[in-house]
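Structure first, then comments.
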Number of protein chains: 2
Amino acid sequence: MNGFLGTYSVSIDDKGRLNVPAKFKGLLERDSPQLVMCVMDGFLIVFPQREWAANEEKLHHLNAFDKSDRNRLREFYARATECEMKSGKILIPVAQREAAGLKKEVTLVGMSKTFELWAPDRLEKTSK
Amino acid sequence: MNGFLGTYSVSIDDKGRLNVPAKFKGLLERDSPQLVMCVMDGFLIVFPQREWAANEEKLHHLNAFDKSDRNRLREFYARATECEMKSGKILIPVAQREAAGLKKEVTLVGMSKTFELWAPDRLEKTSK
DNA sequence: TAGGATTGTGTCAGAAAGTGTCATAAAGTG
DNA sequence: CACTTTATGACACTTTCTGACACAATCCTA
């Protein structure tokens, strides 16, 4: 596989760990299991470390001493958490789980370089 | 053969694998057995990898951080799954089978660069 | 700082999904 | 009609997914 693709319905175990589908697992193992998870507007985006870094790169031109630039930077960083795939699972911290309204069932949507985690009902509303 | 052409009625085995007709097999073996299967409105489209990539190309101008662009990207990627022809068969994952209402019999329609998979009754309704 | 609650980790067994291979049936060809 | 190719169904096997359990680390409060 050479990009995250497709929609998967996966479960979260009692401790909040997501079972990564085998197709994504391969990609992550190869590329590195280091991830950044980012709270978006009602859902979560997961970036492989490398991809996160590439996005960060784009913000380098901002000036940390400029007030509005600084706000944009803060917005970007504040939403993010580092995490990792371990034993084929990704632990989603409590705060993120709540922000995205994730319960037992999660819908995982590949977006090529990244993938998204959705509460099934929210995704359905969005796609209408 | 130099494009997918014609209509075939083929069977799906107990594990959901489609037997690829010999005429398509040749094309796929030459061009690469790597495929992308895409859920459409009641049926499935199968793209050879290369052909899929060409379509993907057209979305490169979209900005993944813009909400409405992101929705369009999601709509595109969420429908897709990578798959592969193995031993002359293509496994159609459960979710896709259900989305297209595929049972034992499948009608396969060549569309030159791609081909479609239909539940026979649905195709019939559509062509009326 | 001891104890308890919460959060995070490793592992495994059973169920479900996916894979390879082959014998036979059906269809196509000269 | 005899022969070759193609399609189908069946079987054994492997991989993946899920839920559960036991345990470790952390944090909070008495």
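Throughout, protein chains are lettered first and strands after them, A, B, ... in sequence-line order, and every chain is numbered starting at 1.
- Distance from the side chain of A:Leu91 is smallest to C:dT9 among C:dT9, C:dT19, D:dA7.
- A:Ser9 has its side chain within reach of A:Glu105: a pair of non-hydrogen atoms, C-beta onward, lies under 4.5 Å apart.
- Between the side chains of A:Glu51 and A:Thr114, not a single donor N or O lies within less than 3.5 Å of an accepting N or O.
- In this model, a side-chain donor or acceptor of A:Arg17 finds a partner on the base of C:dG10 within 3.5 Å.
- The CD atom of B:Gln96 sits 13 Å away from the C1' atom of C:dA17 (whole-angstrom rounding).
- Atom NZ in A:Lys104 sits about 13 Å away from atom C1' in D:dC17, given to the nearest Å.
- Taking atom CG of B:Leu108 as the reference point, atom P of D:dA7 lies 11 Å away to the nearest angstrom.
- When each of D:dT16, D:dA7, D:dG19 is scored by its nearest atom to the side-chain atoms of A:Ala22, the top-ranked nucleotide is D:dT16.
- Of the listed nucleotides (C:dG18, D:dT18, D:dA10), D:dA10 has the atom at the smallest distance from the side chain of B:Asp14.
- For B:Ser11 and D:dG9, the shortest distance from a side-chain N or O to OP1 or OP2 is below 4.0 Å.
- Aromatic rings from A:Tyr8 and A:Phe24 are positioned such that their centres are separated by under 6.0 Å.
- Side-chain proximity of B:Val94 to the nucleotides D:dA7, C:dA17, C:dG20 is greatest for C:dA17.
- Rounded to an integer number of Å, the gap from A:Lys15 NZ to D:dA25 P is 14 Å.
- Side-chain contact between B:Tyr77 and A:Ser112: present, with at least one pair of heavy atoms (C-beta onward) separated by less than 4.5 Å.
- OP1 or OP2 of C:dT19 has not a single side-chain nitrogen or oxygen of B:Ser87 nearer than 4.0 Å.
- Side chain A:Lys89 to base C:dT11: a donor-acceptor pair is found below 3.5 Å.
- Atom OH in B:Tyr8 sits about 9 Å away from atom P in D:dA7, given to the nearest Å.
- The side chain of A:Arg97 has C:dG8 as its nearest neighbour among C:dT9, C:dG8, C:dG18.
- To the nearest angstrom, P of C:dA27 lies 14 Å from CG of B:Asn19.
- Between the side chains of A:Asp66 and A:Ser68, at least one donor-acceptor pair of N or O atoms lies under 3.5 Å.
- B:Arg70 and A:Glu116 are joined by a salt bridge, as a carboxylate oxygen and a charged side-chain nitrogen come within less than 4.0 angstrom of each other.
- For the pair A:Leu18 CG and C:dG8 C1', the interatomic distance rounds to 15 Å; values are reported in whole Å.
- The overall bend of the helix from C:dT1-D:dA30 to C:dG30-D:dC1, read as the angle between its terminal helix axes built from five base pairs each, is 20° when rounded to 10 degrees.
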Show which side-chain atoms of residues 90-97 of chain A pair as donor or acceptor with protein atoms under 3.5 Å away, not counting sequence neighbours.
from    : atom 1 : to      : atom 2 : distance (Å)
A:Gln96 : NE2    : A:Thr81 : OG1    : 2.4
A:Arg97 : NE     : A:Ile92 : O      : 2.8
A:Arg97 : NH2    : A:Ile92 : O      : 2.9

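- Side chain A:Lys23 to base C:dG18: no donor-acceptor pair is found below 3.5 Å.
- Atom NZ of A:Lys25 and atom P of D:dT15 are 13 Å apart (whole Å).
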